[in-house]
Amino acid sequence: MTANDSPPEDRSADEEPDRSFAVDVEEVLEDADEEESPSQGLFDDLLSGDPIFENKEVLRPSYTPHELPHRSDQINKMATILVAALRGETPSNILIYGKTGTGKTASAKFVSQELEQTSKKYDVPCEVEYINCEVTDTQYRVLAQLANKFIEQNRAHAERRLEDLADLREAIEEGATAPEATPFGSATEIDSRVDELEEELEGMEPVPMTGWPTDRVYKEFFDAVDYRERVVVIMLDEIDKLVEKSGDDTLYNLSRMNSELDNSRVSIMGISNDLKFTDFLDPRVKSSLGEEEIVFPPYDANQLRDILQHRSDIAFEERALTDDVIPLCAAFAAQEHGDARRALDLLRTAGELAERGQAERVDESHVRKAQDKIELDRVVEVVRTLPTQSKLVLFSIILLEKNGVHNINTGEVYNIYKRLCEEIDADVLTQRRVTDLISELDMLGIVNAIVVSKGRYGRTKEISLSVPTEETEAVLLADSRLSQIEEIQPFVQARFDN
DNA sequence: TCTCCACGGGAAGTAGGGGCTG
DNA sequence: CAGCCCCTACTTCCCGTGGAGA
């Protein structure tokens, strides 16, 4: 991962139709053994049926809709605050709260797009930078990423100026007298300006992703922002993750920047899933960051229905859905705390299942199947990408569960875990560490661990699996290291009998 | 009522890998 | 190269703690 590999131009290419076709091919091949193979070509059958989707992209989470039903209040409030940027003033910092899938990010992105467009229209320098703090979760990385974005922009800016100057220079050389209006009357003045710019360009080297002291990165970022006059809105998505992992230093630094900047103004827009995260903040940061607060309440089933209806009109062919599909998706998602992302996912998956099953229309059964599939996919993905040590811990829990032990406690898990480690020759972690791993599994929703006190017999976590045993075990055993366990399983089991 | 189990969980420290500067 | 710095993954140390049973 290098710092300067973010060419945003690729996006349009990504969205070309043949890409989604490519995905479909994979899915078809994957399922080829399940379906009756037709006598004709592999694809003929699939193409011959009525298509269900008209534009599947609309249902993906990456899609930013042009209209966000039931969010106009929040959007208007954001716009009223951010309009200050277009007047060249510093907008108040904004904190946006709301659970996942309540349209926070979509609304914020929508508003920032509008803001940037309007700023171009009126030629006011105003930029929005989006950072997802779940990915970029340390002060260093946030600063480095911001610094690099601005450095890149500044480079582009300086390069444009250079081109302009070159044009001017050429014009002068061709004999035309430079217009009085230009500040660079003579060729020599242009040359010295060119030299200056080239020197500036030399200084604009990207910040490495690791290695520098943080204050140096901060300085670099600071200079890059202050390079020219503008208002910068920094959008920190999942800001609670950042605070949780690396404290409030980043926010403190960012919020006091304005007092030191000469040319530009910075405004922070924080987006958080967690209503209480400001409790951990320094009071100064808290008050400056929370100048304006906007809450996104969860959608209820009716609102979800509107949203789904809205998108499905674009996404699906006419009459591709039976009447009960959208209400059912909405109801399922409303149970999951009004998560619109989940609702859209459900609808898309249901559509895909119908398409694969070559059904003419999407109906209720597809939605139910989709619900199961999404849950299983999530679990499989999470388990598959677990580090080996966590896999071993999880495997220990599964072994215990399979042997009829319920309300498993930490000690039992640790004993089995130790045996497993010896068998596959892995490092044995301390019990302290293993409890942390169990807590992590709990947070991922793979196991359910509650702390209970058994009086005389101590205090422990009671652990139970919250995912299907067989499927999870299969995923674990697919790991190259864990697969060695398969043969020693009877041995481990024998330990229980004594 | 008091004890004391079997851990939970906070804090601080360490090792090792990556990367920079001079 | 040494001397920094940062990050992750872990260890060590240690101070709780809810409640069954003496």
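Lettering of chains follows the sequences in order, A, B, ..., and the numbering in each one begins at 1.
A salt bridge links A:R228 with A:E127: the closest approach of a Lys/Arg side-chain nitrogen to an acidic carboxylate oxygen falls below 4.0 angstrom. Salt-bridge check for A:D436 with A:R432: passed, with a basic side-chain N closer than 4.0 Å to an acidic carboxylate O. Between A:K418 and A:E422 there is no salt bridge, since no side-chain nitrogen of the basic residue lies less than 4.0 Å from a carboxylate oxygen of the acidic one.
Distance, A:L437 CG to C:dA9 P: 10 Å, rounded to whole Å. The distance between atom CD of A:E462 and atom C1' of B:dC7, rounded to the nearest whole Å, is 13 Å. Atom CG of A:D427 is separated from atom P of B:dT14 by 20 Å (rounded to the nearest Å). Protein atom NZ of A:K454 is 13 Å distant from nucleotide atom C1' of C:dG19, rounded to whole Å. Here the P atom of nucleotide B:dA6 and the CG atom of A:N407 are 17 Å apart, to the nearest Å. Between the CD1 atom of A:I450 and the P atom of B:dA6 there is a distance of 19 Å, given to the nearest Å. Regarding A:N415, its CG atom lies at a distance of 12 Å from the P atom of B:dA6, rounded to whole Å. Atom CG in A:D436 sits about 10 Å away from atom P in C:dT11, given to the nearest Å.
The side chain of A:R459 contributes no N or O atom lying less than 4.0 Å from OP1 or OP2 of B:dC5. Taking 4.0 angstrom as the limit, A:R141 places a side-chain polar atom (N or O) nearer than this to OP1 or OP2 of C:dT8. Between A:T410 and B:dA6 there is no side-chain N or O to OP1 or OP2 distance below 4.0 Å. For A:R216 and B:dT21, the shortest distance from a side-chain N or O to OP1 or OP2 is below 4.0 Å. In terms of phosphate contacts, A:S453 brings no side-chain nitrogen or oxygen within less than 4.0 Å of OP1 or OP2 of C:dT17.
Here A:V428 lies in heavy-atom contact (under 4.0 Å) with sugar-phosphate atoms only.
Considering only side-chain atoms of A:L429, the nucleotide from C:dA22, C:dT11, B:dG9 that sits closest is C:dT11. Nearest to the side-chain atoms of A:R433 among the listed nucleotides B:dC7, C:dT11, C:dC7 stands C:dT11. Comparing atom distances between the A:Y457 side chain and each of B:dG9, C:dT11, C:dG21 picks out C:dG21 as nearest. Comparing C:dA22, B:dG8, C:dT11 against the side chain of A:K461 picks out B:dG8 as the nearest.
Side-chain to base pairing of A:R432 with B:dG8: no donor and acceptor N or O lie closer than 3.5 Å to each other.
Atom CG of A:L59 sits about 9.0 Å away from atom CD of A:E352, to the nearest 0.5 Å.
The 5' end of DNA chain B is approached more closely, in terms of each residue's nearest nucleotide, by A:G458 than by the other of A:G458 and A:T435.
Within the 3.5 Å criterion, the main-chain N or O of A:G98 finds a donor-acceptor partner in the side chain of A:K104.
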